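The block underneath contains the structure these notes are about, expressed in structure tokens.
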Number of protein chains: 2
Amino acid sequence: MDDDVHESAPAPAAPARTRRRPRAATTERRAEILRAAAHTFGTKGYKNGSLAEVAEQVGITHAGVLHHFGSKEALLVEVLEWRDKEDVRHLEGQHIPGGAELFRHLVRTARMNVERRGIVQGYTVLTGESVTENHPARGWVLDRFTILRSEIAAAIREVGGDAVSDELAARAASAIIGVMDGLQVQWLLDDSVDLPEATAFAIEAILSSALAGVDRPHPLA
Amino acid sequence: MDDDVHESAPAPAAPARTRRRPRAATTERRAEILRAAAHTFGTKGYKNGSLAEVAEQVGITHAGVLHHFGSKEALLVEVLEWRDKEDVRHLEGQHIPGGAELFRHLVRTARMNVERRGIVQGYTVLTGESVTENHPARGWVLDRFTILRSEIAAAIREVGGDAVSDELAARAASAIIGVMDGLQVQWLLDDSVDLPEATAFAIEAILSSALAGVDRPHPLA
DNA sequence: ACCAACTTACTGACAGGTCAGTAAGTTGTG
DNA sequence: CACAACTTACTGACCTGTCAGTAAGTTGGT
């Protein structure tokens with residue numbers, strides 16, 4: 001999908017097939033556009049955010065943006081991929097940790113998120129939009145949930161052992177993701193919601209129930 | 001803005017100034033439009049849903065819709081108010097219960113929601129959209145959260161007694177709302193998520209932690 | 001010179017909203 | 001009851017604005 005852009009190295013023995021050589025500053029230019037697009041899609045949503053607004057932030061026209069990304073939808077896809085990479089880069093240990101460390105990581109993330117409201121808003125708006133018909137970000141959101149769920153479920157079983165059933169672990173994993181996302185919405189609308197504290201409390205609650213109440217019947221059922 | 005509609009009582013000493021009365025079938029017509037609008041805004045979102053699509057469902061033109069509601073935004077507001085009324089009407093006991101019964105009610109709601117995906121989708125899309133700049137539904141969503149939070153927090157304290165601090169009750173209330181909303185998003189995107197079971201599990205977990213762990217330090221903090 | 005990186009200029013689709021006109025319903029008065 | 005005087009409930013044409021996307025031309029780096 002995405003041919004990588006090397007600086008330096010003129011590559012004398014180029015692949016000869018498609019020979020398009022971007023300029024040196026192009027990589028940074030694309031990154032600027034990506035940042036602007038993330039901001040616009042984050043604050044206005046994908047449908048409501050315009051290419052013109054994205055372009056204006058980097059001082060070009062909307063056609064200039066299309067030159068780099070081809071279409072609005074392609075831009076969105078790249079924004080999503082770019083954000084994934086950025087997220088991972090923030091993690092020093094390369095990838096998301098497992099076991100008990102994962103839960104500490106989730107709480108840390110919530111704490112960090114208070115300082116990057118824009119990112120959270122973008123995630124929230126896009127996730128909400130994604131459940132509409134034929135939304136281009138639907139696949140991405142779905143994948144994200146699926147992966148996250150399996151990672152969290154694995155961590156739960158790693159901590160709780162085989163006593164925790166697959167179903168229970170899956171339920172708890174969904175609940176943890178859900179409570180994180182749901183609290184973000186409330187926090188975005190109302191600062192008086194204490195995002196980190198509520199997140200920490202909820203994750204602990206769900207986790208301890210998953211580990212302790214393995215076969216306990218549900219009083220609310 | 002809107003003078004009430006009395007049947008009978010011709011009001012012989014009428015003010016003579018403003019004299020307008022809607023026709024008999026108008027109430028039902030407006031209700032039809034409201035239903036159509038709820039469906040369109042629910043599946044497409046407010047920004048992306050068009051008046052023409054709403055109009056088409058009731059067999060009139062978009063100008064006809066505007067005749068009844070004045071503007072798209074006014075239509076949205078009425079949809080929201082109408083939905084509130086419909087929700088309350090479904091409750092036989094008139095208003096939302098308190099105490100332990102509230103939590104059973106929440107789980108019942110989750111179970112019901114599986115059978116009314118459209119409503120849930122509408123709520124999810126609108127809530128997500130509402131965090132964007134100057135969204136017309138923002139106030140409504142915020143109010144809804146605020147009221148729900150205080151009701152759930154009150155129920156928690158009713159069940160747990162004064163041992164549960166205001167802060168803890170507020171946190172738990174936010175978490176319960178959050179997990180319900182967050183799970184709905186996952187369920188809408190992926191049917192394999194068991195909405196009622198996961199909701200019941202999470203509410204129980206959060207509730208029992210709120211009641212039990214009054215002053216327990218947070219291991220994840 | 002060549003070509004990436006643009007801009008300018010434009011198209012076609014679609015949005016919400018306004019407006020004049022029309023048909024049907026309602027009401028007051030004789 | 002009858003009928004004029006009015007209102008309601010629309011339609012359809014139109015306006016303005018915005019959008020993504022395209023095509024062609026210009027500029028400047030290598």
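Please read all numbers here as calculations on a predicted model, not as lab measurements. Sequence lines set the chain letters: A, B, ... in the order given, protein chains first and strands last, and positions in each chain run from 1. What you see below is based on every heavy atom in this structure, not just the backbone, and it leaves out hydrogens, waters and symmetry mates.
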(request) Would you mind classifying the nucleic acid contact of Gly49(B) as base, sugar-phosphate or nothing, using non-hydrogen atoms under 4.0 angstrom? (result) sugar-phosphate

(message) I'd like to know if the side chain of Gln184(B) and the backbone of Thr124(B) have a donor-acceptor N/O pair within less than 3.5 Å.
(response) no

(message) Which residue is it: Glu56(B), Arg35(B), Glu53(B)? I am looking for the one with a side-chain hydrogen bond (donor to acceptor under 3.5 Å, both in side chains) to Thr40(B).
(response) Glu53(B)

(request) Starting at atom NZ of Lys47(A), determine the distance to atom P of dC14(C), rounded to an integer number of angstrom. (result) 12 Å

(message) From CG of Asn48(A) over to C1' of dT18(D), roughly how many Å is that when rounded to an integer?
(response) 11 Å

(request) Let me know the distance between NE2 of His67(A) and C1' of dC3(C), rounded to the nearest Å. (result) 10 Å

(request) Can you tell me the distance, in whole Å, between the CD atom of Glu56(A) and the C1' atom of dC19(D)? (result) 15 Å

(request) To the nearest Å, give me how far apart NZ (Lys44(B)) and C1' (dG16(C)) are. (result) 16 Å

(request) Measure from the side chain of Ile60(B), starting at C-beta and using heavy atoms only, and say which of dG21(D), dT11(D), dG17(C) lies closest. (result) dT11(D)

(message) Please tell me if Ser50(A) has a side-chain N or O lying less than 4.0 Å from either OP1 or OP2 of dT18(D).
(response) no

(message) Check the phosphate of dG12(D) against Thr61(B), side-chain N and O only, distance under 4.0 Å to OP1 or OP2. Yes or no?
(response) no

(request) May I have the distance from Phe69(B) (atom CZ) to dG16(C) (atom C1'), rounded to whole angstrom? (result) 16 Å

(request) Taking only the side-chain heavy atoms of Ala63(B) (C-beta and beyond), determine which of dG17(C), dC19(C), dC19(D) contains the nearest atom. (result) dC19(C)

(message) Check whether Glu197(A) reaches the backbone of Arg171(B) with its side chain - one donor and one acceptor, N or O, closer than 3.5 Å.
(response) no

(message) Taking only side-chain N and O atoms of Arg29(A), does any of them lie within less than 4.0 angstrom of OP1 or OP2 on dC6(C)?
(response) yes

(request) Nearest whole angstrom, please: distance from the C1' of dA15(C) to the CG of Leu75(B). (result) 15 Å

(message) Taking the nucleotide of DNA chain D with the nearest heavy atom to each, does His62(B) or Lys72(A) sit closer to the 5' end?
(response) His62(B)

(request) Could you check Val141(B), Leu76(B), Val79(B) and say which one makes a side chain to side chain contact (heavy atoms under 4.5 Å, CB included) with Leu126(B)? (result) Leu76(B)

(request) Specify the separation, in whole Å, of atom CG of Leu66(A) and atom P of dA24(D). (result) 17 Å

(message) Using only atom types and a distance under 3.5 Å, with no angle test, would you say the side chain of Gln121(B) pairs donor to acceptor with the backbone of Val131(A)?
(response) yes

